Structures are given as structure tokens and as C-alpha cells.
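Below you'll find the structure, written out as C-alpha cells, and then a few comments.
We use all heavy atoms of the structure for the numbers below, so side chains are in, but hydrogens, waters and symmetry mates are not. Throughout, protein chains are lettered first and strands after them, A, B, ... in sequence-line order, and every chain is numbered starting at 1. Computed from a predicted model, the values in this text were never measured in an experiment.
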Amino acid sequence: MKKTFKKNERLCSLKIIGSLFDRNNSANEGVFAYPVRVVCKSSEETHTQVLFSVPKRQFKHAADRNLIRRRMKEAYRLNKELLKNSYYISFIYVGKVIENYVVIEKGIKNCLKKL
RNA sequence: AAAGUAAGUCGUCUUAUCGCUACUUUGAGGGGUAACCCGAUGAAGUUGAGGAAAGUCCGAACAGUGCAGAGCAUCAUGCUACCUAACGGGUAGGGGAUAAUCGAGCGAUUGAUUAUCUACAGCCAGUGCCACAGAAAAUAUACCGCCUUCGGGUAAGGGUGAAAAGGUAGGGUAAGAGCCUACCGCUUGUUUGGUAACAAACGAGGCAUGGUAAACCUCAUGAACUGAAAGACCAAAUAAACCGACGAAAGCAAUCUCCGGAUUGUUUAAAAGGCUGCUCGUCUGAGUCGGAGGGUAGGUUGAUAGAAAUAAUAGGUGACUAUUAUUCCAGAUAAAUGAUAAGACUUUAAUACUUAUUCUCGGGAUAAUUAUUAAAGACAGAAUUCGGCUUACAGGCUUACUUCUUCU
RNA sequence: GACCACGUAGUUCAACGGAUAGAAUAGAAGUUUCCUAAACUUUAGAUCCGGGUUCGAUUCCCGGCGAGGUCA
């Protein structure tokens, strides 16, 4: 499997995102490994679709949010062969400080292993 | 040479591997009669954040709505000239305030230099406010005082206060007072200089006008409103339904007719609505307004060749402008510029070596050079686009000024 | 992206340009009680920050900072 991350691997549909964050939907499952929280559900499509989110409440500056999102994206790109089935996944950063790349990669790896 | 201040300017770099955005070229194969289309999480190449991209404080472009027009309201600005597409921005100039230094005069006051600041139209159009203190805070009906012919006259003195009815000196007077004189200040007229703000000179007025307009307000100038979630096109979806309130008048003509009427057209009237917030006025006119609810919520465009950038020359004190040449320099949309490794550069700290200075000469302290190790490299991320302003910012460079030290 | 309002004691709110910035609660100390509660007495507490206008600013003006809200 090639280590690419193109447009069709990203989760863009507003409807699916809405259903993913609907608290009443029992199909969603959650996984946690510091500093990342994962909300996901299984999909019928051939590719797994992913979104990354960093809360504005914790990180005020857009430059910080961009940095964290890019590190998470990189970690997912290099480790996504760990996944067997296809999912809709949202990665949410819950750390209070900006962690370096090693810590974020460890968290993403653990999440993907649990799935 | 160092430090500080001000202005301007730059604001990390190189290589490798993996990956992202856009564009160009290519195309295993598939579809189609053909033109051509699709196209491998294909391949190759080029390209990809800022001086503030930020705050959203001003001004425009652009777009929509509206536009017979008039008035009012509302908002903004406010010394002068210029720059500019425009501006509440900038440049140059004028006036003013504060502080320091050096002067002139008995004094009131005032001249020069330097630095900093300056929302700097109008309280002789009107209205309001001016706590406490003080006799009095603006129409001085005078509290004490002074004088008196006992009717009154009088603002010279009265500790206050941010502010007290022009000031200083002299004359004058019953006591006083611009009542009079000189000087200073103020107001005002003329002339001269300057594009103008304004300045200077020569008169005139006895001074009438306390402060406050970042108080209401007046005057002048400007502004129609909304804001890319604007707007245009394509696709998809559906509901001309439901509930409540208000309204649906009359004439003529044509058609249909079960002769009761119904439909359509037209004229007048009218609920209501449009025309920015209001009024006048004006237009449309059989539906209008409100509630609750349903559906859709994808794509293309707007949207990146411009009041563009760079360089040279010319004009201007300057902001800036003109001409010529060259260049094409992000275009994402749940939102592209990243990760890892190695190296360079800069800064800081520690250790070691060497040199210099100094001392209580055991050694220590300070400064500089070199080497090694470690840490750090700011503020901050395009979202339609420009011109400004404001704010954040490690460090480097250039220019000017000031201060002190060393050397010549 | 565009736009709109707000900031006062620990908390919820007041306050014409005139000051010792007020009230209710919460806090602290004391009185009362065998102890606690209630009650009473006392006390310490704040104008988001920096400039300006004014004799004087929580209030007026400008700039920042913070925390909110609206839109198809």
C-alpha cells in the first residue's frame, strides 16, 4: 500500500460528519490514546475517509492549529496500513500543549491498532 | 569603538527521502459511428504564505437592491496648501501648549534656541453645567470693608477656588473706579508680504466678551443602503399544501349556460404592498402579513494581469508623479506549503586552552580569541482584491543625531 | 469572511462628569450558645489595560486586551 493521502481519502460530506458526531447514534464507537481521541463508524466505501480537528478553544492561533493538524496528518499517512476495514474516522486533538511529532505518532498508532 | 533614540530595510539557508495544492505534458486501458470523453489513490516537469497574511479601525474596486424627485432625521469629518482612484491616511507649512537653557524690563509681560505634544471651526445664535470652598461662579439688587450731605456711592482690600469681571506704574477722588495717562495684553480697521493658514507695520477702541462644544448644539463639507454567507449559472428537491389575522366594491363587453349564475377582458374605486429610517409625493394593485412545518444544502463562476511588481531616467523640499524596459509572482474551499535525517549560519550558557589587565602573588577575578557540548531561532498562516492605519515581533544591516570612554 | 453589543468587590447587579464608588450574598473576627445554625456588631475587599479631553472621568473620545452573540 502506497503512503499517499489524497482528496478522496478526506471526509468532506457534511451529512456524514453530522451523523458521526450525533450522540444518539449507537453505531459510533470511540477510542482514546493520548493525545488523540477518535470517533468513527464503519463505511461501505472502498477507501477509509478521515478528518482531523484541533479545538479553537485550546489553541487560539491558526498557526498552532495548522502545525498540530499537519503532524497528525503525517502520522496517519505513514501508519494507515494498520487498518483492515474501511471506516469514517475523525481524529480530535485533546492535549493541552503542542506535543512533538513522536508523541502524536505514538497516539495515532495506538488508536489504529485498537480499531 | 560602545550605548541609546529616531527613520528605513531584511526577517534563516542548503541537500536527501516520503507526501500535499494548482497548472502543463504524457496515457495502461475503457466508452463512443465520429468529433471526443473518462482515466490507474498512473508517470514526468514547473509552482506554492506575510511584513504584518492579524485586528476589522477607515477608504475604494466589484456586486445586488433601489433610483420623477423634495424635505427632515441619522452618521462622519473639522488650521492651511498639496498628494491620491479615494480616505478619518500621508507630505510640507502655519498657529498653540508644556518643559529646559540663555536673555530684556522696576513690573505686568516678553525675545531666542532645543525637545515633546497638538480632534487646532464656532461659547459677542440659543440652551445647559461649573461639586466642595468662597460675599459672589455670570442679570453682581453688595456679606464684611471704605466713603457719605444718610438718599446712597463704591469692585481698591477680603486668606477661597481649576476659574473672580484686563494687568503694572502713576495721576485723580469724599472713598473709589479705564475715570485719565504711559507701557503690556486683548479686540478691531487699513496697508504690505504670502496660493493660503498666518505674519509684520501703522492706526482706532477704554476692555464691552469667565470656563466648558471628546455638553446639547450652530456652521461648512461628505455619505442612498447592503456585503463575496454579495451576486450569476447548472444540477437536485419540493408544498400553488396547513393554521391565524385583515381584505376581496361597482360598471361595460365577450363566451358558456341546467338561465340561478360562472369565466375572461377592460374602466373606476380600494385592503395591502414597493419606492433606504420618517414625511410629502408617486407606482403596483387581488391578494397581503404572521406562525408552525417540509425539502434541498452538491458543482461551476465570482476568483486572481493588477490604481501589479522590479529596475533605470526625469520632475518635485517632500508625500508622490511621468516615461521607458523587463517580468507574470499562491489560488485552497471540513480548507494545500508538511514530516524525518544531515549540515551551515546567528545568539546564549557551560567546560577547556592561549593572551592581556589587576590583586592580599597559594591562586583568584575580569575581558578577548579558538575548540567542544547543550539549548534556542521571534511575531505569526492567504480565504474576493487593493490603498492606508493600528497592534505583535528573536535578531541582522544602513543612515542621522545624542552621550560617555579610549586612541591619534 | 462580514457585522453587533459587553467588561465594576469572590459572585449577581447599582451609580447625572463632583469620590470615602453603593446594595445583596459569599469571606474573616467577635457577641450570644454546652456546641452548631439563625440573629447582632465589626472588618477586609473592585471600576480590564494604555493614552487623551476636562479643574475633576466608572461615566466622554481614541487605541489595545479579554470574553460573548448574529448570518446561508
Review point. For the pair made of NZ in A/Lys73 and P in B/U340, what is the distance, rounded to whole Å?
Key: 15 Å
Check your understanding: Per the side-chain contact (heavy atoms from CB on, under 4.5 Å) rule, which among A/Arg65, A/Arg71, A/Arg70 passes with A/Leu67?
Key -> A/Arg71
**Study point:** Length of the CE-P vector between A/Met72 and B/C20, whole Å
**Key:** 18 Å
Study note, to complete from the structure: Separation of B/G19 atom P from A/Tyr76 atom OH, nearest Å, is 15 Å
**Study point:** Closest approach of A/Cys111 to A/Val36 (non-hydrogen atoms, all atoms of both residues)
**Key:** SG-O, 4.2 Å
Point to revise | Base paired to B/U266 (Watson-Crick or G-U; both N/O distances under 3.5 angstrom) | key: B/G251
Study note, to complete from the structure: OH of A/Tyr93 to CG of A/Asp64, rounded to nearest 0.5 Å, is 10.5 Å
Check your understanding: Atom CG of A/Asn66 and atom P of B/A53: how far apart are they, to the nearest Å?
Key -> 18 Å
Exercise for review: Let me know the distance between CZ of A/Phe52 and P of B/C20, rounded to the nearest Å.
Suggested key: 13 Å
Review point. If the P atom of B/A125 is compared with that of B/G211, how far apart are they to the nearest Å?
Key: 13 Å
Practice item. Could you measure between the two P atoms, the one in B/C123 and the one in B/U187, and give it in whole Å? Key: 11 Å
Exercise for review: Can you tell me the pairing partner of B/U351 across any strand shown, Watson-Crick or G-U wobble, with both distances under 3.5 angstrom?
Suggested key: B/A371
**Study point:** Integer-rounded Å distance: B/U333 P and A/Leu51 CG
**Key:** 15 Å
Practice item. Could you let me know what B/C289 is paired to, Watson-Crick or G-U wobble, both distances under 3.5 Å, or none if it's on its own? Key: B/G244
Exercise for review: For nucleotides B/C207 and B/A165, find the distance between their C1' atoms and express it as a whole number of Å.
Suggested key: 11 Å
Exercise for review: Using Watson-Crick or G-U wobble geometry with both distances below 3.5 Å, tell me the partner of B/A125, or none.
Suggested key: none
Listed pairs, N/O of protein and of nucleotides 10-13 of chain B, under 3.5 Å:
none

Check your understanding: At what distance, to the nearest 0.5 angstrom, does CG of A/Asn110 lie from CD of A/Glu105?
Key -> 10.5 Å
Check your understanding: Where does B/G362 land, syn or anti, once you apply the within-90°-of-0 test for syn?
Key -> syn
Point to revise | Value rounded to 0.5 Å, distance of CG in A/Asn79 from NZ in A/Lys106 | key: 13.5 Å
Exercise for review: For B/G94, measure the glycosidic angle (O4'-C1'-N9-C4 for a purine, O4'-C1'-N1-C2 for a pyrimidine) and name it syn if it falls within 90° of 0, otherwise anti.
Suggested key: anti
Revision key, fill the gap. A/Leu67 CG to B/A49 C1', in whole Å, measures 15 Å
Study note, to complete from the structure: When both distances are under 3.5 Å in a Watson-Crick or G-U wobble arrangement, the nucleotide paired with B/U12 is B/A344
Review point. Is the base of B/G89 syn or anti, if syn means a glycosidic angle within 90° of 0?
Key: anti
Review point. With both distances kept under 3.5 Å, what pairs with B/A322, Watson-Crick or G-U wobble?
Key: B/U313
Exercise for review: With P as the reference atom in both, quote the distance from C/A67 to B/A230 in angstrom, rounded to an integer.
Suggested key: 30 Å
Review point. Within the modelled atom types, does a donor on one side and an acceptor on the other bring the side chain of A/Arg70 and the base of B/C20 under 3.5 Å apart?
Key: no
Check your understanding: B/G153: syn or anti, with syn meaning chi within 90° of zero?
Key -> anti
Review point. Using the C1' atom in both, what is the distance from B/U354 to B/U372, to the nearest Å?
Key: 16 Å
Study note, to complete from the structure: When A/Arg71 and A/Val50 are each assigned the nearest nucleotide of RNA chain B, the 5'-most assignment goes to A/Val50
Practice item. Quote, to the nearest angstrom, the P distance that separates B/A61 from B/C393. Key: 36 Å
Study note, to complete from the structure: Whichever of A/Arg69 and A/Asp64 has the more 5' nearest nucleotide on RNA chain B, that residue is A/Arg69
Check your understanding: What nucleotide, of B/U340, B/G338, B/U41, holds the atom closest to the side chain of A/Glu74?
Key -> B/G338
Exercise for review: Could you tell me which non-hydrogen atom of A/Met72 sits nearest to which non-hydrogen atom of A/Val54, and how far apart they are?
Suggested key: CE-CG2, 4.2 Å
**Study point:** Mutual orientation of the aromatic rings belonging to A/Tyr76 and A/Phe52 [parallel < 30°, tilted 30-60°, perpendicular > 60°]
**Key:** perpendicular
Exercise for review: Mind telling me if B/A250 is syn or anti? Syn here is a glycosidic angle within 90° of 0.
Suggested key: anti
Review point. Between A/Arg77 and A/Glu74, is the closest basic N to carboxylate O distance under 4.0 Å?
Key: yes
**Study point:** Distance between P atoms of B/G151 and B/U181 (Å, rounded)
**Key:** 37 Å
Study note, to complete from the structure: Interatomic distance, CZ@A/Phe32 vs NZ@A/Lys114, rounded to 0.5 Å, equals 8.0 Å
**Study point:** Pairing partner (Watson-Crick or G-U wobble, both distances under 3.5 angstrom) of B/G277
**Key:** B/C72
Check your understanding: What does B/G42 pair with, Watson-Crick or G-U, if both distances are under 3.5 Å?
Key -> B/U26
Check your understanding: When the P atoms of B/U195 and B/U116 are considered, how many whole Å apart are they?
Key -> 30 Å
Practice item. Identify which nucleotide among B/A339, B/A336, B/G19 has an atom closest to any side-chain atom of A/Arg77, counting heavy atoms from C-beta outward. Key: B/G19
Exercise for review: Would you mind reading off the distance between A/Leu78 atom CG and B/U41 atom P, rounded to a whole angstrom?
Suggested key: 20 Å
